[in-house]
Structures are given as structure tokens and as C-alpha cells.
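Note that these values count all heavy atoms, side chains included, but never hydrogens, waters or copies made by symmetry.
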Amino acid sequence: MCRGLAALSTCLERAKLLKTRLGILLHKPELGHEAESFSTSEQGTKLRNSSEEALEWKKSFDHLLKSKNGVATFHAFLKTEFSEENLEFWLACEEFKKSRSKTKLSPKAHRIFKEFVQNEAPKEVNIDHETREITRKNLTAATTSCFDAAQAKTRTLMEKDSYPRFLKSTSYQGLTEQVISHSTSKRLHT
């Protein structure tokens, strides 16, 4: 694996970095328990399945967004770039669309607008003035589609800008390299 003293330091740093990156995929709060409670073989299987899933994310932005692990990994990447607000807004809109209570619809819409859309919002998304105004007007009679235009703009921005950078990032490249090297070594041993 690591040959020579000079390469040992580099190898250890890469291993630590890979462990950190893959840690996101191992820890899934929706499972109801910590990853440490899994046996070593279960961890290996889970890690392999999650890593193999990572190869699917490269196929399209939709593949990434449909994967809970993909969204979590993409979110972690966006945090390193201080640009997670677009994904958080997109996710808030997806959750908002599931709202069934007519009485809660308007307060939820106003909360999302104040957090992401209005000028100087704490997590202001990058949308043009026209889309911002359309969204503001949609709040007068809030429906589950009142954020559609703004959500579409942020999705396009992520797909055209953040997603390609994510695919080129060292964290994603390291994740996919592990899968490729694992499947290559598996083929050589069989």
C-alpha cells in the first residue's frame, strides 16, 4: 500500500481524508442508531453499497438529488464552499410541497421566504430580481407551487455550477476511486 517513509505521511493523510469523507455515508440518523453499533462486516457492506451508489451520482444531477446519501454528501461539499443555501432552499421547497394543512401553508411560505428569498435574508439564494418579485407576489395567496420559479432557478444554478465542481472535487474523486480500486482488486482475486 504505502512504500517508503516519504510516502507514509502522504498515505496516512489520504486515508484520514477518505475516512472523513466516507463518514458522512456511514452515519445515517434515520437508522435510529449510531454506526459504531454495526459489526465490522456490516460496516464494510454498508460502506461498499454507499460508495457504489456514489458512482450513480455522476450520471445526472437528478440521480444525486434522489439519493439521501448523495444529498448529504453534496450538502457537506457545499458547506466547504459556503454555498449550501441553494440546496437548503431547494430541500425546504420540496418539504413545503408536501404540506397538506391549508392553515399552515401561509406561515410556512412566509418563513421560507424570510429565510431564503427576501433581500438580506440570512440564507439568501442567488436569484434575479424578477423571480424574487414573482415569489413575493405568490405569497399573497400561498399555494404549494408559490416557490416553483425560485426553486427552478436555484436548481439550475446548482446543476450548472455547483454540481460540476462537486464531481471534480477531491472528496467525490476519492470516494469513486475507492469504489473503482475495490472492484478492481475484487476482480483480480476471483
Practice item. Apply side chain to side chain donor-acceptor pair (under 3.5 Å) to Thr156 and list each qualifying residue two or more places apart in sequence or on a separate chain. Key: none
In terms of side-chain heavy atoms, does [X] have a donor or acceptor partner in [Y] at a distance below 3.5 Å?
X      : Y      : value
Ser67  : Glu53  : yes
Thr135 : Asn138 : no
Thr144 : Lys97  : no

Is the closest basic N to carboxylate O distance between [X] and [Y] below 4.0 Å?
X      : Y      : result
Glu94  : Lys98  : no
Lys79  : Glu84  : no
Arg165 : Asp161 : yes
Arg155 : Asp62  : yes

Would you mind reporting whether [Y] and [X] have side-chain heavy atoms less than 4.5 Å apart?
X      : Y      : value
Tyr172 : Trp57  : yes
Asn86  : Leu157 : yes
Leu64  : Val71  : no
Glu88  : His75  : yes
Glu85  : Glu124 : no
Met158 : Tyr163 : no

Contact summary for [X] and [Y], nearest pair of heavy atoms:
X      : Y      : result
Ala142 : Ser106 : CB-CA, 4.0 Å
Lys160 : Pro164 : O-CG, 3.5 Å
Lys108 : Ser99  : NZ-OG, 3.1 Å

Point to revise | Members sharing Leu139's hydrophobic cluster (side chains within less than 4.5 Å) | key: Phe89, Phe96, Leu105, Ile112, Phe113, Phe116, Val117, Val125, Ile127, Phe147
Practice item. Return yes if some donor-acceptor pair links the side-chain N/O of Ser145 with the main-chain N/O of Asp148 below 3.5 Å, else return no. Key: no
Point to revise | Main-chain N/O of Gly70 paired to Thr73 side chain as donor or acceptor, under 3.5 Å | key: no
Exercise for review: Could you tell me the separation between the CG atom of Leu175 and the CG atom of Leu55, rounded to the nearest 0.5 Å?
Suggested key: 8.0 Å
Review point. Going from NE2 on His110 to SG on Cys146, what distance comes out if it is rounded to the nearest 0.5 angstrom?
Key: 9.0 Å
Practice item. Would you please indicate yes or no on a ring centroid separation below 6.0 angstrom for Phe74 and Phe61? Key: yes
Exercise for review: Flag yes if more than 12 heavy atoms outside Glu133 fall under 6.0 Å of its CD atom; otherwise flag no.
Suggested key: yes
